[in-house]
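One structure is given here, and the rest of the page talks about it.
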Amino acid sequence: MTESGASPEDPWVKASPDDLSLIDDEDSDYHQEAYKESYKDRRRRAHTQAEQKRRDAIKRGYDDLQTIVPTCQQQDFSIGSQKLSKAIVLQKTIDYIQFLHKEKKKQEEEVSTLRKDVTALKIMKVNYEQIVKAHQDNPHEGEDQVSDQVKFNVFQGIMDSLFQSFNASISVTSFQELSACVFNWIEEHCKPQTLREIVIGVLNQLKNQLY
């Protein structure tokens, strides 16, 4: 005789709607949990990769500094053949940059001094050309009327006048300061107009003494 009710273990027995709902909920929770774990893994992996890139970039930067900075390539006997630490690389880089700044300032001072030299030479050149031209225009004027003593007196008067301003303007604290003061004095007191006024004054003074 056939039983009216099926056994719970019968595979052909249909599940109730409530049982199906429970199965669906459990399956959904499982997939959500798996998705969450996968998302966390992706975030962790992305973070790890970003951190690795950052460290690689820093390492390349230190490697470039060691290549560029000459003092990083020199052998340091205090550490032997050990690899330079990041702190040493940074300190050597700072020292080298400070050295470059000092060299730049020194070169700028040398350029400034050379410019003063060029200016002084130009002034001397112009004065010499004017003297030569004046002599060529009047080669024999007064040749027989002015004695060597008068010439010497004129020269002495010019030199005495120049020496007074020279002595008042020059400092001999150091050779560098002496050089700078000399060129400044040439620019200030050896201009054509200034020399002309000195010569005129000396000639007038000598003229009053002669006559």
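Keep in mind the model is a prediction, meaning the values are calculated, not measured.
Using a 4.5 Å cut-off on side-chain heavy atoms (C-beta onward), Phe99 and Ile94 make no contact. The closest side-chain heavy-atom distance from Ile68 to Tyr96 is not below 4.5 Å. The shortest distance between side-chain heavy atoms of Pro192 and Asn127 falls below 4.5 Å. At least one side-chain heavy atom of Glu51 sits under 4.5 Å from a side-chain heavy atom of Arg55. By the 4.5 Å heavy-atom criterion applied to side chains, Gln156 and Val202 are not counted as neighbours.
Gln66 places no side-chain N or O within donor-acceptor distance of the main-chain N or O of Val89, the cut-off being under 3.5 Å. Side-chain N or O atoms of Thr48 include one that pairs as donor or acceptor with a backbone N or O of Arg44 at under 3.5 Å.
The side-chain hydrogen bond (donor to acceptor under 3.5 Å, both in side chains) test with Asp56 singles out one residue from Arg60, Gln52, Lys59, and that residue is Gln52.
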request  = Take Tyr62 and Leu84, measure what side chain to side chain contact (heavy atoms under 4.5 Å, CB included) needs, and give me the verdict at the end.
outcome  = CA-CA 10 Å; Tyr62 278 100; Leu84 295 179; over 6 Å; no

message = Does Ile198 form a side chain to side chain contact (heavy atoms under 4.5 Å, CB included) with Leu162? I'd like the steps, not just the answer.
response = CA-CA 8 Å; Ile198 292 175; Leu162 290 174; 3.5 Å; yes

inquiry  = Applying side chain to side chain contact (heavy atoms under 4.5 Å, CB included) to Lys116 and Ile186, what does each step give before you reach the verdict?
reply    = CA-CA 9 Å; Lys116 291 181 179 179; Ile186 290 175; over 6 Å; no

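By the 4.0 Å N-to-carboxylate-O rule, Glu129 lies close enough to Lys125 to be salt-bridged with it.
Both Met159 and Val154 belong to a single network of hydrophobic side chains, linked directly or stepwise wherever heavy atoms of I, L, V, M, F, W or Y lie under 4.5 Å apart. Following chains of ILVMFWY side-chain contacts shorter than 4.5 Å, one can reach Leu65 starting from Ile88, so the two form part of one hydrophobic cluster. Both Phe163 and Val199 are assigned to one and the same hydrophobic cluster, defined by single-linkage of ILVMFWY side chains at heavy-atom distances under 4.5 Å. Residue Trp185 is grouped with residue Ile158 when hydrophobic side chains (ILVMFWY) are merged at heavy-atom distances under 4.5 angstrom, including chains of intermediate members.
Taken from OG1 in Thr119 to CG in Asn184, the straight-line distance is 10.5 Å, to the nearest 0.5 Å. Residue Lys102 holds its NZ atom at 11.5 Å from CG of Leu100, rounded to the nearest 0.5 Å. From Leu203, atom CG reaches atom CG of Asn153 across 11.5 Å, with rounding to the nearest 0.5 Å.
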Please set out all donor-acceptor pairs under 3.5 angstrom arising from side-chain atoms of residues 106-113, sequence neighbours excluded.
residue, atom, partner, partner atom, Å
Glu108, OE2, Lys104, NZ, 2.6
Thr113, OG1, Glu109, O, 3.0

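Side chains of Asp160 and Gln164: a donor-acceptor N/O pair is absent below 3.5 angstrom, by distance only.
Residue Val69 comes nearest to Lys92 through the heavy atom pair CG1-O, 4.0 Å, listed as atom of the first residue, atom of the second, then distance.
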